[in-house]
Amino acid sequence: MDLLPGYLTAHLQLALVALLVGIAVSVPLGVLAARVRWLEQPVLGVASVIQTIPSLALLAAMVPLLAAAHLPSIGYLPAFIGLVLYSVLPILRNTVTGLATVDPALIEAARGVGMTPRQRLVRVELPLAMPVIIAGIRTATIWTVGIATLSTPVGATSLGNYIFTGLQTRNQSAILVGCIAAAVLALTLDGLVRLVAVGWERRHRGLLGVALGATALLYLYTGVTLGRELLRTQHERILVGAKTFTEQYVLSEILAGQMMHETGTPAEVAQALGSTVAFDALRTGDIDVYVDYSGTIWATLMHREASPTNRSDVLSEVEQFLRERHGIVVVGALGFENAYALAMRRERAERLRVRRISDLVLHAPTLSIGGDYEFFGRAEWRAIRERYGLGFATERSMDSSLMYQAVAQGNVDVISAFSTDGRIAALELVVLEDDRGAIPPYDAVILASERLRRRHPEAIDALRRLVGTIDGDAMRRMNLAVDEGGQSPTAVARAFLEALWNRE
Amino acid sequence: MIEVRQLAKRFGNTPAVREVSFGVSAGELLVLVGGSGCGKTTTLKMINRLTEPTSGTVLIEGQDVSALPGHVLRRGIGYVFQRVGLFPHMTVEQNVAVPLSLLGWAAGRIRERVGEVLELVEIDPSLRHRRPAELSGGQQQRVGVARALSSEPKVMLLDEPFGALDPLTRDRLQQSFVGIRKRLGLTAIFVTHDMIEALLLADRIAVMNDGRLVQVGTPHELLASPADEYVERLVDTPRRQARTFDELMAGVAR
Ligand SMILES: Nc1ncnc2c1ncn2[C@@H]1O[C@H](COP(=O)(O)OP(=O)(O)O)[C@@H](O)[C@H]1O
Ligand SMILES: [Mg+2]
């Protein structure tokens, strides 16, 4: 709850500015399209096509596009551009329609009194089209506020942080708070636009004054906070990335807390980044540090088969690869592995006499497997399938937070679990032995950008003090405290850090 | 004052106005009369170039109207529209002020002039802040006339301004218009399809039929010597009505 003001402000910064830019782009574009007949169809066509792209995909698509253009690809910018694109269609379409439905007799009257085409537009056509244009702005307002909740995965803070964190950490009340806050905000802003419209239409100076005043205040607040944030970003701030699961939320808070404690430089967390998004963001310097897993880099970036099952061999090859090919600093391993592992309900595994993955081969054609969104597209899954000749009856992608429940309830037979997930033990699951070594070791390693080392060598030192401090059991306990114990990742991280600092 | 020479307009291949020529002298009111679709509105719109002519010329005070940019020309000519002419999103006052603000008058002078001209057309000051939709048809047309008059134009063009009004309101507006015209010494072309209105208002009448000008003359000349069968039928209607009226009056008197 204490996060609400921050999230709300961030949400306003996204939605309000995107809306303003959306209006500034689409009204003139609508006027142009209404004027230049042959432009109307292509312009409306492009806007409609943009609208058909699922909103989450549109925002996510901004990340590689911006990265290719050497612009900040994580955080405010990709979310902002996506929102602007989304707000264009309703305003554009209504501007074109509004102008097209102005009575031709009135346009002739405007010519008759001696107006130039421009005066006609400003004094007659736009005012008459205004109710329709405002209806478009109201639609855009609701959409923009709603879709802004999806900016969390591209690294921008919004009310969506409640929803995404809530989904990952199975915190229903966080999800509810996020949804309600977004809905209330959408209705409030919509009401404000309506008030402006009513005041305008009835020529009610008081009403118009109040509505415009409130709007101006909102924009002022948004502008000032945004400006301050941009200045602060220019100034100094360390950005820690987190992928989309509980462990990453906890670890990112630990890294951020440790650096702030030791160096005094503010550190913030960009949550819920997709796995390759996080890596690209580190490479381009959009984030400064995050935790990845040696096996992930081994399989997805180095495209290596999993032959050396030796943890330290993989780790040192990964280190060399990252340093030489991408100029990334490998600070060190935290001390635990979080491997992709196939897991089943203990009771079912025993009944089928399955202990190792090779025992599964016989049963697989009648079994179903559930995996997180990435799993079935990853090199590890290909390696497992090829090495063992596994073929399941069905493969189902689902949110990683729902997987464990799904297998425990028998909705699927096998899942691609994370070995540090506390729910493996809590839900009485067993991890199947990778007897043919298809899955590489997955040491959790702290990766930092070259820039962070140059600017804040003391932050790298602070991070180095975390190396080897978290073993598999400690990580499992912390994950369970969030997933089943209802604690926030921040609180769990804080408890860990305080224990660490006391020891020192 | 106004000189129309061989003015013609085709829409695609169909001629709407065929080589029309006439003149209007200063202070004169010419009524353009004829059946629906005969080309009256088109002729009127070619004078202030709301419609560009296919051929022919229009001179106002000896100057070719095509020499000026259209919007500048139109600011100097008052135009009253047949149907919707007032801007629905503006108040009465704002509507009347439009031509003045286009001419760049100062706010104070505009306010003063708007007051004067609304008084001239007998619009109650309490109506000044109303929107056109909150006025009666007659009031709307008075405001339309006020707007056309506001910039004291040299020339007024009126396209069936009272055509859609009930007979009593129309009569009152006609009377007002006659008064205003006398006071201001306006030069005007007034379009109507109603011969009675033409006879009542006109200094001279120009009769159009199927895009052609059939006869131009004073009401007396038209009544006395109609140029063709069409004009004869046109003037016959009011004449017959007048006769019927006389007979009825005689009956009452007896
Ligand atoms: N913009 C236009 N396009 C095509 N035809 C038109 C247009 N305006 C008028 N006309 C035609 O020109 C003829 C004269 O019209 P108009 O001048 O409006 O007649 P009036 O005002 O005498 O009733 C009519 O046949 C009408 O259909
Ligand atoms: Mg007409």
Side-chain angles (χ1 to χ4, degrees), chain A residues 27 30-31 34-35 37 94-138 193-209 211-212, chain B residues 41-42 44-52 68-104 129-134 140 143-144 146-151 153 156-159 161 164:
Chain A
V27 172
V31 170
R35 276 285 131 88
R37 281 277 127 200
N94 282 32
T95 306
V96 172
T97 314
L99 289 176
T101 47
V102 172
D103 187 346
L106 287 173
I107 295 178
E108 182 160 76
R111 292 179 62 216
V113 296
M115 291 189 191
T116 60
R118 184 192 209 89
Q119 289 167 332
R120 220 155 68 209
L121 179 71
V122 173
R123 294 181 179 219
V124 177
E125 295 175 75
L126 279 178
L128 289 174
M130 200 49 84
V132 185
I133 297 176
I134 286 179
I137 293 177
R138 288 180 58 186
V193 180
R194 230 192 72 174
L195 218 57
V196 172
V198 170
W200 160 276
E201 239 153 74
R202 300 210 191 129
R203 293 288 142 113
H204 195 299
R205 261 163 222 260
L207 204 60
L208 196 61
L212 284 179
Chain B
T41 298
T42 307
L44 203 65
K45 283 182 182 168
M46 285 191 289
I47 294 173
N48 76 349
R49 286 176 54 208
L50 275 175
T51 300
E52 293 293 343
L68 287 174
H71 64 273
V72 177
L73 171 74
R74 289 188 280 273
R75 285 174 193 173
I77 299 175
Y79 198 105
V80 182
F81 289 85
Q82 183 169 1
R83 208 168 50 86
V84 204
L86 299 179
F87 302 118
H89 60 295
M90 298 182 186
T91 62
V92 165
E93 200 174 53
Q94 287 165 335
N95 263 289
V96 176
V98 167
L100 304 178
S101 77
L102 290 176
L103 289 169
H129 296 291
R130 293 232 187 134
R131 302 283 184 95
E134 300 161 332
Q140 286 181 17
V143 175
R147 185 176 67 186
L149 282 173
S150 64
S151 63
M156 280 264 274
L157 306 174
L158 304 97
D159 191 1

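Just so it is clear, the structure is predicted and the values come from calculations on it, not from any experiment. In the text below, chain A, chain B and the rest are named by the order of the sequence lines, each starting its count at 1.
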Measuring from A:Arg111:CZ to B:Thr51:OG1, what's the distance to the nearest 0.5 Å? 7.0 Å

In terms of heavy-atom proximity below 4.5 Å to chain A, should B:Arg49 be classed as side chain, backbone, both, or neither? backbone

Pairwise side-chain contact, B:Pro69 with A:Thr116, heavy-atom cut-off 4.5 Å (strictly under): no

Approximate separation, where rounding is to 0.5 Å, of B:His71 NE2 and A:Arg118 CZ: 12.5 Å

Answer with side chain, backbone, both or neither: which region of B:Leu73 has an atom nearer than 4.5 Å to a non-hydrogen atom of chain A? neither

Can you tell which of A:Pro127, A:Gly112, A:Ala105 has the highest number of heavy-atom pairs within less than 4.5 Å of chain B? A:Gly112

Work out which heavy atom in A:Leu106 is nearest to a heavy atom in B:Pro88; give both atom names and the distance. CD1-CD, 3.6 Å

May I ask you to test the A:Glu108-B:Phe81 pair for a side-chain heavy-atom distance under 4.5 Å? yes

Might you point out which heavy atoms bring B:Gly85 and A:Ala109 nearest each other, and give the distance in Å? O-CB, 3.5 Å

Top of B:Met90, B:Gln82, B:Arg75 for chain A proximity - count of heavy-atom pairs under 4.5 angstrom: B:Arg75

Compare every heavy atom of A:Arg123 with every heavy atom of B:Ser101, then report the nearest pair and how far apart it is. OG-NH1, 2.8 Å

Top contributor to chain A interface from B:Leu157, B:Leu50, B:Val98, B:Leu86 [non-hydrogen pairs under 4.5 Å]: B:Leu50

Once you round to the nearest 0.5 Å, how far does CZ of A:Arg202 lie from CZ of B:Arg131? 11.0 Å

